[in-house]
Amino acid sequence: MLRLAYQSDIGRVRAVNEDRAAVQEDLNGWTLAIVADGMGGHQAGDIASQMAVELIPLKVKSLDPNRSSEERQLKLKEAIEAANDNIFEFASGRENYHGMGTTVVAVLANDERAVVAHIGDSRVYRIHDGQIEQLTEDHSLVNELVKSGQITREEASHHPRRNVLTRALGTEPTIEVDVQEIGWGPGDLLLLCSDGLSSLVEPGQMLQTVKETDGLERKVDRLVQAALDAGGDDNVTVLLIENGPGSAVDDDGEAG
């Protein structure tokens with residue numbers, strides 16, 4: 001059985017929390033978890049992220065447990081694309097919301113498999129056998145600069161345009177969603193987060209925090225606190241999925 005806990009914090013600088021998180025259980029043996037980090041003026045970012053976490057589950061609720069891996073991946077991809085259609089149409093018809101959008105990471109998991117889909121720079125990590133692995137690749141300008149060798153990974157963390165995305169949900173009429181399916185087992189963790197965590201807390205520190213802390217809710221709390229201690233210059237959202245005995249959802253903070 002899967003256990004989940006999540007928390008969203010406004011941080012120490014921002015006036016509005018544009019992050020959202022959501023969980024939907026009992027999808028014929030599968031669980032859906034989503035983190036979205038909105039962007040745009042006039043509080044448009046929080047509208048975009050809220051729409052994302054509300055719209056995506058609507059297209060996943062009819063999941064057939066006998067679907068193939070390819071069908072599951074397509075189902076989640078199509079759900080995110082449908083959300084994009086709705087958000088883009090909403091923003092296009094309202095002058096104040098033109099250009100609004102959001103990142104999305106979504107995980108559809110049971111106790112053996114997990115489908116991971118994302119667009120933007122929110123991330124999913126897998127913690128397995130004492131190691132942490134980033135499963136998603138940031139759709140950001142600085143990541144493109146790192147891949148092309150123009151800047152180093154260290155320089156990317158302080159780059160003045162590190163918040164510029166190359167892909168987002170709702171900003172264009174069509175999108176490209178990265179989707180993969182992985183295997184995982186008892187004792188493994190999946191960590192979904194906005195860049196309010198990943199831009200301030202190194203993966204090694206995330207791993208140590210998780211390893212040194214008892215209780216899933218406490219792990220989430222400590223991860224959020226680590227981002228706040230590092231400056232908290234952005235909204236921070238952390239969602240943990242644990243593959244193990246028992247099943248529960250705990251929301252320790254503001255989440256949509």
Side-chain angles (χ1 to χ4, degrees), residues 1-6 8 19-38 46-90 101-126 135-136 139 167-184 188-194 237-243 247-251 255-256:
M1 301 294 288
L2 307 184
R3 286 178 50 84
L4 300 97
Y6 60 101
S8 188
D19 285 4
R20 294 293 186 272
V23 168
Q24 184 172 341
E25 291 192 292
D26 300 324
L27 297 169
N28 289 323
W30 294 77
T31 294
L32 176 67
I34 307 169
V35 168
D37 178 358
D46 57 326
I47 294 174
S49 57
Q50 183 66 36
M51 289 180 70
V53 300
E54 291 178 354
L55 290 168
I56 293 170
L58 295 178
K59 295 290 186 179
V60 182
K61 62 183 180 182
S62 59
L63 187 70
D64 182 343
N66 298 315
R67 282 180 178 267
S68 68
S69 172
E70 291 76 14
E71 289 172 323
R72 286 192 294 270
Q73 293 180 58
L74 182 61
K75 183 81 169 179
L76 188 53
K77 179 175 179 286
E78 289 178 342
I80 295 172
E81 290 172 342
N84 184 79
D85 293 344
N86 279 270
I87 295 169
F88 182 78
E89 181 180 358
F90 178 90
T102 182
T103 71
V104 165
V105 287
V107 172
L108 184 63
N110 66 9
D111 59 359
E112 294 181 346
R113 309 295 297 174
V115 181
V116 178
H118 86 289
I119 183 167
D121 64 354
S122 294
R123 294 180 179 177
V124 179
Y125 295 89
R126 173 171 51 187
L135 297 178
T136 55
H139 301 141
R167 291 192 229 169
L169 193 74
T171 58
E172 302 289 343
T174 59
I175 54 168
E176 182 182 352
V177 184
D178 288 355
V179 189
Q180 61 182 302
E181 182 166 305
I182 62 166
W184 70 322
D188 290 352
L189 287 167
L190 293 176
L191 191 167
L192 289 67
C193 67
S194 61
T237 299
V238 176
L239 190 157
L240 280 177
I241 312 173
E242 180 180 54
N243 195 333
S247 181
V249 177
D250 294 280
D251 172 12

Give me the atom names and distance for the closest heavy-atom approach of [X] to [Y].
X: E25; Y: L2; value: OE2-O, 4.4 Å
X: A33; Y: L4; value: CB-CD2, 4.2 Å
X: N110; Y: W184; value: O-NE1, 2.9 Å
X: T237; Y: A21; value: CG2-CB, 3.9 Å
X: A117; Y: L76; value: CB-CD2, 3.7 Å
X: N243; Y: D111; value: ND2-O, 2.9 Å

- Task: Go through S194 and D37 one step at a time and tell me if the side chain to side chain donor-acceptor pair (under 3.5 Å) criterion holds.
- Result: CA-CA 6 Å; S194 61; D37 178 358; 4.8 Å; no
Would you check if [X] and [Y] make a side-chain contact, meaning some heavy-atom pair closer than 4.5 Å?
X: I119; Y: E176; answer: no
X: N84; Y: V104; answer: no
X: Q24; Y: K61; answer: yes
X: N28; Y: D64; answer: no
X: I175; Y: F88; answer: no
X: L239; Y: V105; answer: no
X: E54; Y: R20; answer: no
X: I241; Y: V107; answer: yes

Separation between [atom1] of [X] and [atom2] of [Y], rounded to the nearest 0.5 Å:
X: L169; Y: I87; atom1: CG; atom2: CD1; result: 4.5 Å
X: L108; Y: L32; atom1: CG; atom2: CG; result: 6.0 Å
X: H118; Y: D178; atom1: NE2; atom2: CG; result: 5.0 Å
X: E181; Y: R113; atom1: CD; atom2: CZ; result: 4.5 Å
X: L240; Y: R3; atom1: CG; atom2: CZ; result: 11.0 Å
X: R167; Y: E172; atom1: CZ; atom2: CD; result: 12.0 Å

- Hey, is CD on Q180 packed in by over 12 heavy atoms from elsewhere, all under 6.0 Å?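 Yes.
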- Message: Test your reading of the model: is there a side-chain donor-acceptor pair from T103 to the backbone of D121, 3.5 Å cut-off?
- Response: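 Side chain of T103 to backbone of D121: no pair is present.
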- Output, in order, the C-alpha distance, side-chain angles, deciding distance and verdict of side-chain contact (heavy atoms from CB on, under 4.5 Å) for V35 and D19. CA-CA 7 Å; V35 168; D19 285 4; 5.8 Å; no
- Message: Set out, in order, the CA-CA distance, both residues' side-chain angles and the distance that settles side-chain contact (heavy atoms from CB on, under 4.5 Å) for I182 and L190, then state yes or no.
- Response: CA-CA 11 Å; I182 62 166; L190 293 176; 4.1 Å; yes
- side-chain contact (heavy atoms from CB on, under 4.5 Å) between K75 and L63: does it pass, once the steps are laid out? CA-CA 8 Å; K75 183 81 169 179; L63 187 70; 4.2 Å; yes
- Would you please test I47 and F90 for side-chain contact (heavy atoms from CB on, under 4.5 Å) and show each step? CA-CA 10 Å; I47 294 174; F90 178 90; 3.9 Å; yes
- Please name all residues satisfying side-chain contact (heavy atoms from CB on, under 4.5 Å) with E71, sequence neighbours left out, ordered by chain then number.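 E71: side-chain contact (heavy atoms from CB on, under 4.5 Å) contacts with R67, S68.
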- Message: Under the rule for salt bridge (Lys or Arg N to Asp or Glu O under 4.0 Å), what residues qualify as partners of K77, not counting sequence neighbours?
- Response: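 K77 satisfies salt bridge (Lys or Arg N to Asp or Glu O under 4.0 Å) with E81 only.
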